[in-house]
Amino acid sequence: MCCSISSKLSIVYSAQSYSAYTTSNYLCAMQRTEQERIRRESLAALRALGIEPYPAAEFTVTHRSKRLAAEFKDGLAVTLAGRIMSRRIMGKASFAEIQDSEGTFQLYLNRDELCPGEDKALYNTVFKKLLDRGDFIGISGETFTTQTGEQSVMVKELTVLSKSLKPLPAVKVDEDGKVHDAFADPELRYRMRYVDLVVNPGVKETFEARSKVMQTIRTSFDGAGWLEVDTPVLQAIPGGAAARPFVTHHNALDIPLYLRIANELYLKRLIVGGFEGVYEFSRNFRNEGMDRTHNPEFTVMELYVAYKDYHWMMQTTENLLSDICQAVHGDTKANLNGTEIDFAPPYRRVTMRDAILEHTGVDIDGKSEAELRAACEQVGIQTDDSMGKGKLIDELFGEKCEHHYVQPTFIMDYPVEMSPLTKVHRDNPAYTERFELMINGTEVANAYSELNDPDDQRQRFEDQLKLGERGDDEAMFIDQDFLRALEYGMPPTSGIGIGIDRLVMMLTNQTSIQEVLLFPQMRPEVFDQGPDEKGLQALGVSEAWTPHLVGAGFDRPEALEGLSPGGLREKMNGYRKKNKLDIPALTLEEVETWLSARN
RNA sequence: GACCUCUUAGCUCAGCUGGUUAGAGCAUCUCACUUUUAAUGAGAGGGUCCUGGGUUCGAGUCCCAGAGGGGUCACCA
């Protein structure tokens, strides 16, 4: 019985190959690697056996790998589904690793257990020959423990759920958990995240941690009675921050629109409207450089709560971060590049003045722009005329202080010039009630006692405009509607923005933002257009020669441009000889016809 | 945007001062094997050496230009 199926199969094979080797399928086949061709032949062979490689029906599992391992005992009837990640075939018995959403589990396939009757094709042909690493299968069977003590499932039934046509990278993990031949090229990993997730252990965990971070925030804020909201991504005035926006165009209104650089001004309008607390996970877009900590689109969680100030916000923040770290690690401590970061409150609070004083010896208090410029130059910071007081102080802090704050630290009381949306400090009008949370030398959050004095806000916007005229191309636009909203009255409010991507980096020990974004921005990939055999034939290329022209690299009419007839004829006849083609050699006239048709 | 650097088989990588037919491990294919686990043993196939020019008797290797990636810097509330 088994033999008769194999012989039926071999007929299928040859029939398939024969029909494939005629026209367009052959051309596609030329583009594929050997391994892909073999997998497509297996696909056809499965169909020939009456097995649909992409079945529509639901497949219901009873277990997933991780829980099964935890609750394991011998003799359980289980149904699992997942991807075949490895196979160890030993004649009439085999072991395989199946990978589902939780992890992997070992399968034991015994020919006579899987095929108790006369027909052994499911084991001998389907499993051993036609299935590959990467294919999805569903199995039912009984749990048992092998002689070497490995938890396994003795497979009694096997269902093909999806055939994989491209081979996965051959990553192997040894007994010590050491990864061999890792799929490590960042370009390939980010462009094909789906492969990265399948093949590299640990990648999933990063994104599960990311989800936990967001869940913890939601649970905490919802518990406090604050409302999660959605505000416009397409904005006529890109406000709330200073950055170069992406511009697009709305056809019906015939106006330019900008992708938001921030959502701050909209959330404040909602506080004006009477919500006590609102928050949003805001995808922001900034048309600026990309590097290890910047992606053109990134996520900021913004929260605004009425009747609060920035001291309250500091407490709220440190408690929240501590909860988040607990949720991710089960502990308030996280390891970052060998340094232990402790998220347990309270965090150190340092004023910007003290920070700069401590690390540069410069006291910014009461200094004029000229004095600050001199101070910058003195500590080796280059300045130019477009830089105002705020920018100069920002440079001092960014260059000389920022990197010192490794453990979570609130840097507070920023100079008024660098904080146009922040209320002035209750004790000193030169400063504002603003803090940034620094972790590992990077800014993770930015918060204020929000400016709710409409006249002061208008004045600050105008000061920004003046900076813009001096050449600071990131000064803010004036949002008249936002000012009108403030004139209706906004209660005292504290707000914060937390950079979710950077926070996740800190919590997952990643040094690149690309590692915490599922699909980081990349230059678009250029795909081969593939051969254009009809285009070639339109030039007069015979059906017999078309595949060989393609095979030699002249796969579309454009590829013939500017070639000399003699040269092309010589090349193709050489190809004919090398590949021992049983077709007439090309004549010069024939080649000339093609080329003149093209040119 | 500047500089440095990388690109060789499906994956990870060797390849010397330029020199026969470009190699290895895994993966793939064939055969053997009924409790293995980086399974094992025997055999086989698989390459646009990123692309395009140039130097040379001869280029994976040297030169020029380009593409894509990574790093450092610049930019970045």
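Excluded from the calculations below are hydrogen atoms, water molecules and symmetry mates; all remaining heavy atoms, backbone and side chain alike, are included. In what follows, chains carry the letters A, B, and so on, assigned in the order in which the sequence lines appear, proteins first and then strands, with residues in each chain numbered from 1. Just so it is clear, the model here is predicted, and its values are computed rather than measured.
For the pair A:Arg434 CZ and B:rA77 P, the interatomic distance rounds to 10 Å; values are reported in whole Å. Between the CZ atom of A:Phe397 and the C1' atom of B:rA77 there is a distance of 12 Å, given to the nearest Å. Separating the CG atom of A:Asp291 from the P atom of B:rA2 is a distance of 17 Å, rounded to the nearest angstrom. When the P atom of B:rA9 is taken as reference, atom CD of A:Glu36 falls 14 Å away, rounded to whole Å. Residue A:Leu188 contributes atom CG, which lies 13 Å from atom C1' of B:rC6 at whole-angstrom precision. Taking atom CE of residue A:Met352 and atom P of nucleotide B:rA77, one finds them 13 Å apart after rounding to whole Å. The interatomic distance linking A:Met290 (CE) with B:rU72 (P) rounds to 14 Å, in whole Å. For the pair A:Leu437 CG and B:rA77 C1', the computed distance is 15 Å after rounding to whole Å.
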- Message: Protein within reach of the bases, or only the backbone? For nucleotides 27-37 of chain B, mark each nucleotide 5' to 3' as B, S or -, using heavy atoms under 4.0 Å.
- Response: BSS-S-BBBBB

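Residues satisfying the side-chain contact (heavy atoms from CB on, under 4.5 Å) criterion with A:Glu150, sequence neighbours excluded, are A:Gln106, A:Thr146, A:Thr148, A:Ser152. Take A:Asp100 and apply the side chain to side chain donor-acceptor pair (under 3.5 Å) test, not counting sequence neighbours, and it matches A:Ser65. The side chain to side chain donor-acceptor pair (under 3.5 Å) search around A:Glu102 returns none, not counting sequence neighbours. Residues meeting the side-chain contact (heavy atoms from CB on, under 4.5 Å) test with A:Glu34, sequence neighbours left out: A:Arg37, A:Ile38. Considering only residues two or more places apart in sequence or on other chains, A:Tyr448 meets the side chain to side chain donor-acceptor pair (under 3.5 Å) condition with none of them. Judged as a side chain to side chain donor-acceptor pair (under 3.5 Å), and not counting sequence neighbours, the contacts of A:Lys163 are A:Asp132, A:Asp135. Residues satisfying the side-chain contact (heavy atoms from CB on, under 4.5 Å) criterion with A:Thr351, sequence neighbours excluded, are A:Arg353, A:Asp354, A:Met412, A:Asp413. With sequence neighbours excluded, the residues satisfying side-chain contact (heavy atoms from CB on, under 4.5 Å) with A:Cys115 are A:Lys120, A:Leu122, A:Tyr123.
Comparing B:rG10 with B:rG46, their P atoms are spaced 12 Å from each other, to the whole Å. The P atoms of B:rU7 and B:rC50 are separated by 8 Å, rounded to the nearest whole Å. Comparing the C1' positions of B:rA65 and B:rG71 gives a spacing of 23 Å, expressed to the nearest Å. Comparing the C1' positions of B:rU17 and B:rG25 gives an interatomic distance of 29 Å, to the nearest angstrom. Across the P atoms, B:rG52 and B:rU20 are found 23 Å apart, a figure rounded to whole Å. A gap of 26 Å separates the P atoms of B:rG58 and B:rG15, to the nearest Å. Across the P atoms, B:rU48 and B:rU8 are found 12 Å apart, a figure rounded to whole Å. The P atoms of B:rC6 and B:rA44 are separated by 36 Å, rounded to the nearest whole Å.
Residue A:Gln464 places a side-chain atom within donor-acceptor reach of the base of B:rA77, judged by atom type and a 3.5 Å distance cut-off alone.
The two atoms that bring A:Glu280 and A:Leu267 nearest to each other are OE1-CD2, 4.0 Å, heavy atoms only.
A salt bridge links A:Arg460 with A:Asp456: the distance from a Lys NZ or Arg NE/NH1/NH2 to an Asp or Glu carboxylate oxygen falls below 4.0 Å.
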Could you pull out all donor-acceptor pairs under 3.5 Å where a side-chain atom in residues 433-440 of chain A meets a protein atom, sequence neighbours excluded?
| residue | atom | partner | partner atom | Å |
| --- | --- | --- | --- | --- |
| A:Glu433 | OE1 | A:Arg426 | NH2 | 2.9 |
| A:Glu433 | OE1 | A:Ser449 | OG | 2.8 |
| A:Glu433 | OE2 | A:Arg426 | N | 3.2 |
| A:Glu433 | OE2 | A:Arg426 | NE | 2.5 |
| A:Glu433 | OE2 | A:Arg426 | NH2 | 3.3 |
| A:Arg434 | NE | A:Asn446 | OD1 | 3.0 |
| A:Arg434 | NH1 | A:Met418 | O | 2.9 |
| A:Arg434 | NH1 | A:Ser419 | OG | 2.8 |
| A:Arg434 | NH2 | A:Glu436 | OE2 | 2.8 |
| A:Glu436 | OE1 | A:Tyr414 | OH | 3.3 |

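Checking side-chain atoms of A:Arg260 against main-chain N and O of A:Arg283 turns up a donor-acceptor pair under 3.5 Å.
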- Message: Wobble G-U and Watson-Crick pairs count when both distances are under 3.5 Å; given that, what is the 5' to 3' dot-bracket string of RNA chain B, with | for pairing to other strands?
- Response: (((((((..((((.....[...)))).(((((.......))))).....(((((..]....))))))))))))....

Produce the list of close N/O pairs, under 3.5 Å, pairing protein atoms with atoms of nucleotides 69-71 of chain B; give distances to one decimal.
| residue | atom | partner | partner atom | Å |
| --- | --- | --- | --- | --- |
| B:rG69 | OP1 | A:Arg191 | NH2 | 3.4 |
| B:rG69 | OP1 | A:Arg523 | N | 3.2 |
| B:rG69 | O4' | A:Glu187 | OE1 | 3.1 |
| B:rG70 | OP1 | A:Gln514 | OE1 | 3.2 |

